[in-house]
Number of protein chains: 2
Amino acid sequence: MDNHPALDDAFLALADSTRRSVLTRLARGPASVSELAAPSSMALPSFMKHIRLLERSGWIRTHKSGRTRTCVFEPSKLPVVDDWLAQQRALWEARTDRLERFIDLETE
Amino acid sequence: MDNHPALDDAFLALADSTRRSVLTRLARGPASVSELAAPSSMALPSFMKHIRLLERSGWIRTHKSGRTRTCVFEPSKLPVVDDWLAQQRALWEARTDRLERFIDLETE
DNA sequence: TGTTTACTTAGCCCTTGCGCTAAGTGTTCT
DNA sequence: AGAACACTTAGCGCAAGGGCTAAGTAAACA
């Protein structure tokens with residue numbers, strides 16, 4: 001369950017505020033690279049690395065037309081990471097439930 | 001919202017299958033380092049780096065008693081990353097809703 | 001007391017992440 | 001045609017990630 005290379009990249013992509021900002025912006029709709037880069041005060045080549053990482057990890061898709069590259073959010077990644085976290089929460093809650101039953105037994 | 005250094009570490013911690021496995025195991029209850037390391041076929045010092053990173057990121061807490069170090073899952077990290085993803089999903093859904101209304105207008 | 005156990009420290013290696021500048025390519029505007 | 005624009009490529013530098021071995025420490029056991 002945990003040994004899932006795609007999850008490595010999916011989570012790594014979220015481990016940077018520049019990239020999280022890009023995703024937040026893209027969730028509202030497609031944008032060009034320079035639109036996305038505008039708020040970031042970072043050299044373009046540096047910024048492009050983040051775009052490539054987001055693309056590699058599957059969080060976005062991009063296509064070039066003319067001289068501008070347009071980026072679009074890829075929603076199918078959301079359930080993948082969501083599921084892992086849901087499972088984690090489920091395990092945790094199952095455990096606290098068992099603990100509570102145990103305490104109930106002890107104290108009755 | 002996205003510029004949150006604690007999120008960097010929280011997500012980075014999840015970007016490795018060894019660490020995800022540790023969290024999965026710990027969600028079921030506390031364990032010693034050697035218990036956690038047993039399934040991993042990795043040298044202990046290497047494994048310990050993962051434990052330290054998990055601790056630094058706030059996903060686990062550890063304490064030593066005698067010669068064994070016990071690790072416990074820290075549930076308070078779950079809502080933090082969960083919230084970010086929930087917000088992301090909300091933005092996306094808001095957008096697709098607007099899109100649908102737009103299409104409805106176009107086709108009626 | 002001596003040995004095993006459970007880490008811990010120190011140090012080395014290689015790869016990747018994350019930032020930069022300088023210069024290049026192809027498009028679009030004038 | 002020439003200039004401006006939107007990337008793109010190449011290359012550099014430093015820090016951190018992710019793995020290893022060898023040797024050290026402190027607790028627990030025989």
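Proteins come first, then strands; the chains are lettered A, B, ... in the order of their sequence lines, and each starts at number 1.
V33(B) and F73(B) fall within the same hydrophobic cluster, defined by Ile, Leu, Val, Met, Phe, Trp and Tyr side-chain heavy atoms under 4.5 Å apart, directly or through other members. Note on L12(B) and V80(B): separate hydrophobic clusters, where clusters join Ile, Leu, Val, Met, Phe, Trp and Tyr whose side-chain heavy atoms are under 4.5 Å apart, directly or indirectly. Residues L91(A) and L54(B) fall into different hydrophobic clusters, defined by Ile, Leu, Val, Met, Phe, Trp and Tyr side chains chained together at heavy-atom separations under 4.5 Å. Note: the hydrophobic cluster containing F47(A) does not contain V72(A) (ILVMFWY, side chain heavy atoms under 4.5 Å, direct or indirect links).
Between the axis at the start and the axis at the end of the helix from dT1(C)-dA30(D) to dT30(C)-dA1(D) there is an angle of 20°, using five pairs per end and rounding to 10 degrees.
Side chain of W59(A) to main chain of L23(A): no donor-acceptor pair is present (N/O by atom type, distance under 3.5 Å, no hydrogens or angles).
Between the side chains of D2(A) and T24(B), at least one donor-acceptor pair of N or O atoms lies under 3.5 Å.
The existence of a salt bridge linking E55(A) and R52(A) is confirmed by a sub-4.0 Å separation between a basic side-chain nitrogen and an acidic carboxylate oxygen.
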Can you give me the N/O atom pairs linking the protein to nucleotides 25-30 of chain C at distances under 3.5 Å, or say none if there are none?
from, atom 1, to, atom 2, distance (Å)
dT27(C), O2, R67(A), NH1, 3.2

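Within the structure, side-chain hydrogen bond (donor to acceptor under 3.5 Å, both in side chains) contacts touching residues 38-50 of chain A (residues at least two apart or in different chains) are R19(A)-H50(A).
Hydrophobic cluster of L53(B): no remaining members, since no ILVMFWY side chain lies below 4.5 Å from it.
Here the SG atom belonging to C71(A) is positioned 4.5 Å from the CD1 atom belonging to I51(A), to the nearest 0.5 angstrom.
Distance, D8(B) CG to dA15(D) P: 18 Å, rounded to whole Å. Taking atom CD1 of residue I51(B) and atom P of nucleotide dG19(D), one finds them 13 Å apart after rounding to whole Å. Distance CG (L54(B)) to P (dG17(D)): 12 Å, rounded to an integer number of Å. Residue L14(B) contributes atom CG, which lies 14 Å from atom P of dG17(D) at whole-angstrom precision. dT8(C) atom C1' lies 9 Å from atom CZ of R69(B), rounded to whole Å. The distance from atom CZ of R52(A) to atom C1' of dT8(D) is 8 Å, rounded to the nearest whole Å. In this structure, H63(B) places its NE2 atom 17 Å from P of dA6(C), rounding to the nearest Å. Counting to the nearest Å, the C1' atom of dC7(D) and the NZ atom of K64(A) are 5 Å from each other.
The salt bridge (Lys or Arg N to Asp or Glu O under 4.0 Å) test applied to D8(B) returns R20(A), not counting sequence neighbours.
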(request) List the protein contact pattern of nucleotides 14-23 of chain C with one symbol per nucleotide (5' to 3'): B for base contact, S for sugar-phosphate-only contact, - for none; contact means a heavy-atom distance under 4.0 Å. (result) ---SBBBBB-
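At dT5(C), none of the side-chain N or O atoms of S34(B) fall inside 4.0 Å of OP1 or OP2 (strictly under the cut-off).
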